[in-house]
Amino acid sequence: MPSLGGRFLIVNNHGALFYRYDSDLWENAAYASWLGAGAIRVFGTDSNLLQSWDGKKVGQRIVQWAPALRTHRLKLIVAFVNNHQPVPGEPKQSSGMLNGYFQLLLPFYRDTWRGPYLRFVRDLVTTVREGGALDVVGAWELGNELHTQEDPNLFPSFLMQAVAEVKRLDAITPIWPGTMGVHHLQPWTPRSGIARWLYCEAPVDAYTLHAYDWVSPDRPGDMPINWDLDGVVSEPCPSGRRLPVVVEELGTSRALPGYYTAAQEDVRLEFERRELRMVLGYPQVQAVGVWNGVSPRATETFFLDNKRGLTSYGPDAMGTGSCYVPPGQAADPRAATQPRCRLEQMLRALPAAP
């Protein structure tokens with residue numbers, strides 16, 4: 001996959017652009033590189049500290065981070081908006097609670113996206129371009145986990161118009177949709193025409209999927225991506241197009257009722273292994289993303305997730321047990337037995353099956 005420099009792993013670090021200390025920018029890049037990642041996936045809005053940065057300031061942060069990314073041969077996958085936090089100035093009707101989550105709502109996809117969101121995107125992309133840092137952007141994403149469940153047929157119109165706006169600013173960098181699977185795009189419709197359109201015809205450069213706590217086709221966790229892998233992307237497109245499939249978020253929760261508790265991290269690790277083996281069994285999959293790949297040496301803890309991802313491991317749910325050691329320092333031999341360390345070693349070995 002060109003945007004990842006041929007490497008298979010994506011490290012999700014949703015708050016990476018909002019760290020207060022430059023040293024944490026460098027530290028998180030070093031850790032992603034140690035994991036063997038080709039890219040760090042970041043969000044343009046901050047759902048943790050609610051820092052209301054405009055597109056120019058977010059773009060300036062990317063420019064500032066660019067030297068570290070180049071040093072470690074990393075790209076950024078930049079999702080313009082976190083679905084849990086709209087861009088500054090978004091009208092109230094554009095976001096709210098839906099299905100238990102605060103997220104973007106239908107008015108955004110119909111027309112309000114042409115207001116603050118589009119200004120934010122224009123300012124961000126223009127700032128990165130004028131700062132000479134487009135080379136560190138592996139892909140622009142329209143947003144994180146975008147969907148129009150209440151009116152699925154609205155999604156293609158939004159996507160085509162939004163992609164056209166981004167391409168006016170940057171005609172070269174790939175664009176990813178940031179969607180998480182057929183069930184999110186068109187609920188309970190495994191043979192979704194919208195998902196097939198996204199894979200076969202939409203003006204995007206990858207087909208993105210997200211899944212947590214996938215156990216089997218009968219217990220698919222929060223997203224049955226086997227519907228996508230076995231149906232949507234497995235059949236040839238009429239045009240012959242074959243988009244790369246990116247499972248950009250994959251992992252387990254700290255506890256999964258009926259399967260393991262938070263104290264049973266060895267059991268949890270086996271479910272991580274099962275998920276990785278499942279997606280690696282599909283040749284269409286060209287990259288996998290681990291959630292919340294924050295370096296254990298980063299000084300700020302605001303952006304740690306204690307529910308999912310690497311930072312939810314350890315008895316304190318603070319990501320303890322890593323075996324990451326910066327160059328020149330001695331490794332702690334006790335770390336090799338820790339679940340987070342063992343997961344890190346699986347990720348470092350990708351795309352080899354764990």
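Below, each value reflects all heavy atoms present in this structure, side chains not excepted, and no hydrogens, waters or symmetry copies. Numbers for residues simply follow the sequence, beginning at 1.
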Working to the nearest 0.5 Å, report the span between [atom1] of [X] and [atom2] of [Y].
X      : Y      : atom1 : atom2 : value
His84  : Asn48  : NE2   : CG    : 10.5 Å
Asn144 : Asn83  : CG    : CG    : 4.5 Å
Glu265 : Glu272 : CD    : CD    : 10.0 Å
Phe155 : Leu106 : CZ    : CG    : 12.5 Å
Arg254 : Asp213 : CZ    : CG    : 13.5 Å
Ile175 : Asp170 : CD1   : CG    : 7.5 Å

What are the two closest heavy atoms between [X] and [Y], and how far apart are they?
X      : Y      : result
Leu159 : Pro203 : CD2-CD, 3.7 Å
Gly293 : Asn28  : O-OD1, 4.4 Å
Val288 : Val279 : CG2-CG2, 3.8 Å
Leu310 : Tyr31  : CD1-OH, 3.6 Å
Met223 : His210 : CB-O, 3.3 Å
Ala206 : Val246 : CB-CG2, 4.0 Å

Could you state whether [X] and [Y] fall into the same hydrophobic cluster, counting links through intermediate Ile, Leu, Val, Met, Phe, Trp or Tyr residues with side-chain heavy atoms under 4.5 angstrom apart?
X      : Y      : value
Tyr212 : Leu250 : no
Phe43  : Leu146 : no
Val87  : Phe102 : no
Leu229 : Ile194 : no
Val182 : Leu154 : yes

Distance alone, cut at 3.5 Å: any donor-acceptor contact between the side chains of [X] and [Y]?
X      : Y      : result
Gln64  : Arg61  : yes
Ser322 : Glu344 : yes
His147 : Gln103 : yes
Asn99  : Gln149 : yes

[X] side chain to [Y] backbone, donor-acceptor under 3.5 Å:
X      : Y      : value
Arg308 : Thr252 : no
Glu300 : Arg20  : yes
Asn13  : Asn292 : no
Arg191 : Val232 : no
Glu275 : Trp214 : yes
Thr71  : Pro67  : yes
Asn12  : Glu248 : yes
Trp65  : Leu25  : yes
Ser33  : Ala29  : no
Arg340 : Thr320 : no

For [X], does the [atom1] atom have more than 12 heavy-atom neighbours from other residues, nucleotides or ligands under 6.0 Å away?
X      : atom1 : value
Arg334 : CZ    : no
Lys167 : NZ    : yes
Ile172 : CD1   : no
Arg114 : CZ    : yes
Arg242 : CZ    : no

Task: Option among Phe120, Trp140, Trp176 that satisfies the ring pair (Phe, Tyr, Trp, His ring centres under 6.0 Å) test with Phe80 - done: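 In the set Phe120, Trp140, Trp176, the residue that makes a ring pair (Phe, Tyr, Trp, His ring centres under 6.0 Å) with Phe80 is Trp140.
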
Please work out which of the three classes, parallel, tilted or perpendicular, describes the rings of [Y] and [X], given edges at 30° and 60°.
X      : Y      : value
Trp113 : Phe158 : perpendicular
Tyr19  : Phe303 : tilted
Tyr207 : Tyr199 : perpendicular
Trp188 : His183 : perpendicular

Open item on the list: Check this for me: does any side-chain nitrogen of one of Lys57 and Asp123 sit under 4.0 Å from a carboxylate oxygen of the other?
Closed with: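 Result for this pair is no, no salt bridge flagged.
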
- [ ] Salt-bridge test for Glu201 and Arg241: reply yes if a basic N is under 4.0 Å from a carboxylate O, no otherwise.
- [x]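 A salt bridge is absent here (no side-chain N lies under 4.0 Å from a carboxylate O).
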
- [ ] Let me see the working for Asp135 and Arg129 under salt bridge (charged side-chain N to carboxylate O under 4.0 Å, His left out), right down to the final yes or no.
- [x] CA-CA 9 Å; Asp135 63 299; Arg129 186 187 67 214; over 6 Å; no

TODO: Determine whether the aromatic ring centres of His14 and Trp291 lie less than 6.0 Å apart.
DONE: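 Between Trp291 and His14, which both carry aromatic rings, the centre distance is below 6.0 Å.
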
Task: Near-ring test Phe108/Tyr117, centroid separation under 6.0 angstrom - done: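 Centroid separation for Tyr117 and Phe108: below 6.0 Å.
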
Task: Cation over ring face, Arg268 and Tyr313, 6.0 Å, 45° - done: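 Positive - Arg268 is close enough to the ring of Tyr313 and near enough to its axis.
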
Open item on the list: Would Arg348 and Trp34 count as a cation-pi pair here, with the cationic atom under 6.0 angstrom from the ring centre and within 45° of the axis?
Closed with: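 Yes; both conditions hold, so Arg348 lies above the ring face of Trp34.
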
Open item on the list: Any heavy-atom pair between the side chains of Val11 and Val290 that's under 4.5 Å?
Closed with: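 A side-chain contact exists here, since the closest heavy-atom pair is under 4.5 Å.
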
Open item on the list: One pair to check against salt bridge (charged side-chain N to carboxylate O under 4.0 Å, His left out): Arg297 and Asp24. What are the steps and the verdict?
Closed with: CA-CA 8 Å; Arg297 294 176 61 85; Asp24 282 342; over 6 Å; no

